[in-house]
> 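Below is a structure I'd like to ask you about.
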Amino acid sequence: MSGSPLSGQIPYRFDPTSTAAAVESDFGGLADGEESGAVVTVAGRLMLRRDQGKVAFGNLQDSTGRVQLFALQRSTPDFEDFTGLHLGDWIGVTGEVLKTRRGELSIRVDSWVRLAEARRGFPDKWHGITDVDTRFRQRYVDLWVTDESRAAFVARSQILSTTRRWLEERKFLEVETPVFHPISGGAMARPFTTHHNALDLELYLRIAPELYLKRLTVGGFERVFEIARVFRNEGLSTRHNPEFTMLELYQAYADYTDIMELVEQLVSHLAMEVCGTTTLEYEDQELDLSAPWRRATLLELLAEHGGLSVDLDTPREELVRLCEERDIPVKDHYGPGKLILELYEKTTEPKLWGPVFVTDYPKEVSPLSRDHRDRPGWVERFEGIVAGRELCNAFTELVDPDEQRARFEAQEAAKADGDAEAMGVDEDYLRALEYGLPPTGGLGIGMDRLVMLLTGATTIRDVILFPTLRPEQ
RNA sequence: GGGUCGCUAGCUCAUCGGGUAGAGCAGGGGACUUUUAAUCCCAAGGUGCCGGGUUCGAGCCCCGGGCGACCCA
């Protein structure tokens, strides 16, 4: 590292021996003014500098944190070039670790090299970026300037890897299924469409991996999961991004009560790993994620929070009247199940904080769930509501091919009635069921919302590195 | 889709009863041997989101559009 670092070539490689965090943990105990005798090499961005004539201080930031640099004219090579560095420049520094008289742990700059030039100025060193739109568009700047932003993405990575490990320990196999679907299915959502030229084929981007994963259960993979990027052609909001990440898993021989246990254990485990506790604060409200979570049926909750005692045998005119009183738009093809779900979503769901498993949904609105073992007209399905948001959706899977065909046909009819979110008939999936799907429990968790929960983020854009935005200009 | 607010220097923000824009930081020059958003001095930096209108004169008032934030449906 000789010559003039500013005019010299940028090196092709560099070998740091330590990091800001390691320096702090290894040498934090030095006394004020004490020199450690130990030499380290670190690399990162120069984020602050305080020139002081014949000495200069700088703050170097790397992926682990910040450490102060201490340069002296008499011992730092190319001292004038060092004080000419721009804020944001990447540099590599080698020197002895010491603590200044004022007690700041520092690396004395005994040699240094510039690793990259920041031609564009960094945002105000005190205020950072305040325009959230700029934060999303220039995430590469945001990650340096906004500590919470970097922390959220580190947490996201930790949540995904911990989830994988936890599932693998329970003998789940991670698989990858197609993103291109010839038939859109597995959820109720409007898909994106695309076209394959060689096959001259219209394809849909998946809205859920569900139907492929259950084919694998038919194929003998008894426990499978996929962390799937899915695509839904819907609006943007603080809780919605057109592409997002869903964990889906299927467990043979299990029913939805097994899945409830799995969810409460997985989520409380993740909270312990990421937050160190299962008692969180979210939006100034307390949230206790420790298992077990409350379980209550949709109808019980509708009575409790909505003050409505209705059921599938309530006369349709009565349900329609209750909807209209609450400004819920009613369509002609809505049956009692759909009307009850609408009433629940309008009157009850907003009042739930959770965690709570809302169990047993109307068959009419659940085309892939198995009939409830005791309650005709209902299915064995639940949603997990946590911090007032729908976190997951799960059911005892429908295994009967004839019943599945009837449900698909009802969906097809709804689609013909103008329901753009309805599914189509998937003949190959029916064929798979005809080969035999064992009793199976399935689950989908919105991983972005889970990350929001565990990082305290209030908008999904804070947990997606490059959220969908309108193009600039 | 509706409402409210915002858009001024690279970044963060000012200004005014309509009279042609100002500061901090960054960037440039200089001073300073232990700073912590270091400090001090000097110089430079602007198509005030875009397009119309009113006016002798518009960043400011009016109309239309764009982009964003928040709230509501």
Side-chain angles (χ1 to χ4, degrees), chain A residues 6 20 23-24 28 30-36 45-61 65-76 79-89 93 95-110 114 117-147 149 234-241 283 323-330 342-343 345-347 349-350 388 457-462 467-473:
Chain A
L6 285 190
V23 168
E24 170 62 37
L30 290 176
D32 293 359
E34 187 182 357
E35 300 186 349
S36 69
R45 272 187 135 112
L46 183 69
M47 296 306 281
L48 283 176
R49 199 183 55 242
R50 299 174 288 284
D51 294 342
Q52 186 115 17
K54 296 194 172 64
V55 298
F57 300 90
N59 289 23
L60 186 82
Q61 187 175 332
R66 299 180 182 84
V67 65
Q68 175 164 275
L69 303 177
F70 177 35
L72 298 105
Q73 188 177 46
R74 67 173 141 81
S75 65
T76 297
F79 181 79
E80 290 71 27
D81 285 334
F82 183 83
T83 59
L85 285 167
H86 287 181
L87 296 190
D89 282 352
V93 169
E96 181 177 358
V97 180
L98 55 86
K99 207 166 236 185
T100 61
R101 290 175 216 163
R102 292 289 183 88
E104 182 78 18
L105 187 64
S106 308
I107 297 169
R108 193 181 60 222
V109 183
D110 297 332
R114 184 157 72 163
E117 176 190 4
R119 289 196 196 177
R120 290 176 183 266
F122 268 68
D124 189 286
K125 62 191 178 189
W126 185 243
H127 299 96
I129 310 177
T130 53
D131 178 17
V132 294
D133 189 57
T134 306
R135 289 184 45 219
F136 305 143
R137 289 188 194 280
Q138 300 186 35
R139 188 68 90 182
Y140 36 84
V141 177
D142 178 50
L143 289 170
W144 283 101
V145 165
T146 314
D147 289 344
S149 182
E234 294 162 354
L236 302 142
S237 81
T238 53
R239 285 187 288 269
H240 299 87
N241 195 64
E283 290 176 340
C323 284
E324 283 170 347
E325 282 170 8
R326 288 161 182 79
D327 297 322
I328 299 168
V330 173
E342 291 285 326
L343 286 167
E345 286 180 351
K346 175 83 176 188
T347 65
E349 204 177 63
T458 52
T459 161
I460 196 168
R461 291 174 166 196
D462 283 339
T468 305
L469 300 170
R470 204 182 293 272
E472 286 183 89
Q473 288 186 337

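In what follows, every chain begins at residue 1, and chains take the letters A, B, ... in the order their sequences are listed.
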> Looking only at atom types and distance, does a side-chain atom of A/Asn241 sit under 3.5 Å from a main-chain N or O of A/Thr468, one as donor and one as acceptor?
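Checking the backbone N and O of A/Thr468 against the side chain of A/Asn241, a donor-acceptor pair under 3.5 Å is found.
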> For A/Val97 and A/Leu105: C-alpha separation, side-chain torsions, deciding distance, then whether side chain to side chain contact (heavy atoms under 4.5 Å, CB included) applies.
CA-CA 7 Å; A/Val97 180; A/Leu105 187 64; 3.9 Å; yes
> From CD of A/Glu104 over to P of B/A38, roughly how many Å is that when rounded to an integer?
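The answer, rounded to whole Å, is 12 Å.
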> Taking atom C1' in both B/C61 and B/G45, what distance in whole Å separates the two?
30 Å
> Between A/Gly58 and A/Arg49, which has a closest nucleotide on RNA chain B that is more 5'?
A/Gly58
> Produce the list of close N/O pairs, under 3.5 Å, pairing protein atoms with atoms of nucleotides 42-46 of chain B; give distances to one decimal.
none

> Once you round to the nearest 0.5 Å, how far does CZ of A/Phe57 lie from CG of A/Leu69?
11.0 Å
> Can you check the A/Arg137 CZ to B/C11 C1' distance for me, whole Å?
18 Å
> Under 4.0 Å from OP1 or OP2 of B/C11: is there any side-chain N or O of A/Thr130 that close?
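Result: no.
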> According to side chain to side chain contact (heavy atoms under 4.5 Å, CB included), who are the partners of A/Lys346, at least two apart in sequence or on a separate chain?
A/Arg326, A/Ile328
> Can A/Arg108 and A/Glu96 be counted as an ion pair, charged N to O under 4.0 angstrom?
yes
> Can you tell me how far P in B/G53 sits from the matching atom in B/A58, rounded to whole Å?
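Per the computed distance, 11 Å lies between those P atoms.
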> Could you state the CG-C1' distance from A/Leu46 to B/A26, rounded to the nearest angstrom?
13 Å
> What distance separates A/Leu343 CG from A/Cys323 SG, expressed to the nearest 0.5 Å?
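The SG atom of A/Cys323 is 4.0 Å from CG of A/Leu343, to the nearest 0.5 Å.
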> So, do A/Arg114 and A/Leu46 sit near enough that their side-chain heavy atoms are less than 4.5 Å apart?
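Contact flag for A/Arg114/A/Leu46 side chains = no.
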> Verify the contact: side-chain N or O of A/Arg461 to OP1 or OP2 of B/A69, cut-off strictly under 4.0 Å; return yes or no.
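For A/Arg461, the contact criterion (side-chain N or O under 4.0 Å from OP1 or OP2 of B/A69) is met.
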> How far, in whole Å, is B/G24 from B/A14 if one measures between their C1' atoms?
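Straight-line distance between the two C1' atoms is 11 Å.
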> Does any part of the side chain of A/Gln68, heavy atoms only, come nearer than 4.5 Å to the side chain of A/Thr100, both counted from C-beta?
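Side chain of A/Thr100 against side chain of A/Gln68, heavy atoms only: contact under 4.5 Å found.
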> Give me the distance, rounded to whole Å, that separates B/G27 from B/G10 when you measure between the P atoms they each carry.
15 Å
> Would you mind reporting whether A/Asp462 and A/Ser149 have side-chain heavy atoms less than 4.5 Å apart?
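Not touching, per the 4.5 Å side-chain cut-off.
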> Find the distance A/Lys99:NZ to B/U36:P and express it as a whole number of Å.
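A/Lys99 atom NZ is separated from B/U36 atom P by 17 Å.
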> Rounded to the nearest angstrom, tell me the gap between atom CD1 in A/Ile129 and atom P in B/A26.
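These atoms are roughly 17 Å apart.
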> Under the criterion side-chain hydrogen bond (donor to acceptor under 3.5 Å, both in side chains), which of A/Arg49, A/Arg45, A/Arg50 is the partner of A/Asn59?
A/Arg50
> Treating A/Lys99 as the side-chain partner and A/Gly28 as the backbone partner, does any N or O pair qualify as donor plus acceptor under 3.5 Å?
yes
> Would you mind classifying the nucleic acid contact of A/Thr100 as base, sugar-phosphate or nothing, using non-hydrogen atoms under 4.0 angstrom?
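Base: the residue A/Thr100, judged by heavy atoms under 4.0 Å, touches a nucleobase.
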> For A/Gln68, answer base if it contacts any base atom (sugar-phosphate contacts may also be present), sugar-phosphate if it contacts only those atoms, and nothing otherwise; contact means non-hydrogen atoms under 4.0 Å.
base
> Starting at CG of A/Asp133 and ending at C1' of B/G66, how long is that distance when rounded to a whole Å?
13 Å
> Suppose you measure atom P in B/G28 against the same atom in B/A69; what distance do you get, rounded to whole Å?
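Nearest-Å result for B/G28 against B/A69 at atom P: 34 Å.
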> Between A/Asp131 and A/Arg137 (salt bridge meaning N to carboxylate O under 4.0 Å), is one present in this structure?
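A salt bridge is absent here (no side-chain N lies under 4.0 Å from a carboxylate O).
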> Pairs counted only when both distances fall under 3.5 Å, Watson-Crick or G-U: show me the 5' to 3' dot-bracket for RNA chain B, [ ] for pseudoknotted crossings and | for other-strand partners.
(((((((..((((.....[..))))..((((.......))))......(((((..]....)))))))))))).
> Atom pairs, N/O to N/O, protein against nucleotides 31-33 of chain B, distance under 3.5 Å?
residue : atom : partner : partner atom : Å
B/C32   : N3   : A/Gly53 : N            : 3.0
B/C32   : N4   : A/Gly53 : N            : 3.4

> Got a second to check how far A/Leu98's CG is from A/Glu104's CD, nearest 0.5 Å?
11.0 Å
> For the side chain of A/Phe57, counting heavy atoms from C-beta on, which of B/U34, B/A37, B/U36 is nearest?
B/U34
> So, do A/Ile460 and A/Arg239 sit near enough that their side-chain heavy atoms are less than 4.5 Å apart?
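Heavy-atom side-chain distance check fails, nothing below 4.5 Å.
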> If I pick the P atom on B/C49 and the same atom on B/C11, what distance separates them, to the nearest angstrom?
13 Å
> Determine yes or no for a side-chain-to-main-chain donor-acceptor pair under 3.5 angstrom, with A/Thr76 supplying the side chain and A/Phe79 the backbone.
no
> Heavy atoms under 4.0 Å, any strand shown: does A/Phe70 hit a base, just sugar-phosphate, or nothing?
base
> Give the rounded distance in Å between these two atoms: CG of A/Asp142 and C1' of B/C11.
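Atom-to-atom, A/Asp142 to B/C11, this comes out as 14 Å.
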> Okay, side chain of A/Gln61, backbone of A/Trp144: is any donor-acceptor separation there less than 3.5 Å?
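Yes, the answer is positive, given that a donor and an acceptor are paired below the 3.5 Å cut-off.
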> Would you say CZ of A/Arg139 has more than 12 non-hydrogen atoms from neighbouring residues, nucleotides or ligands within 6.0 angstrom?
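Yes, enclosed.
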> What interatomic distance, in whole Å, is found between C1' of B/A43 and the corresponding atom of B/C16?
28 Å
> Going 5' to 3' through nucleotides 1-9 of chain B, assign each nucleotide B (protein heavy atom under 4.0 Å from a base atom), S (under 4.0 Å only from sugar-phosphate atoms) or - (no protein heavy atom that close).
---------
> Between A/Leu469 and A/Lys346, name the one whose nearest nucleotide on RNA chain B is closer to the 5' end.
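Upstream on the strand: A/Leu469.
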> Taking atom types as modelled, is there a side-chain donor on A/Thr83 or A/Asp51 under 3.5 Å from an acceptor on the other?
no
> Measure the distance from CE on A/Met47 to P on B/A26 and round it to the nearest whole Å.
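From A/Met47 CE to B/A26 P: 13 Å.
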> Roughly how many Å apart are B/G29 and B/G66, using the C1' atom of each and rounding to a whole number?
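Result for the C1' pair: 41 Å, nearest Å.
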> Pick out the pairs of N or O atoms, protein on one side and nucleotides 23-25 of chain B on the other, that lie under 3.5 Å.
residue : atom : partner  : partner atom : Å
B/G24   : N2   : A/Asp124 : OD2          : 2.7
B/C25   : O3'  : A/Lys125 : NZ           : 3.1

> Check every strand shown and say whether A/Gly33 touches a base, only sugar-phosphate, or nothing at a heavy-atom separation below 4.0 Å.
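It contacts nothing in the nucleic acid.
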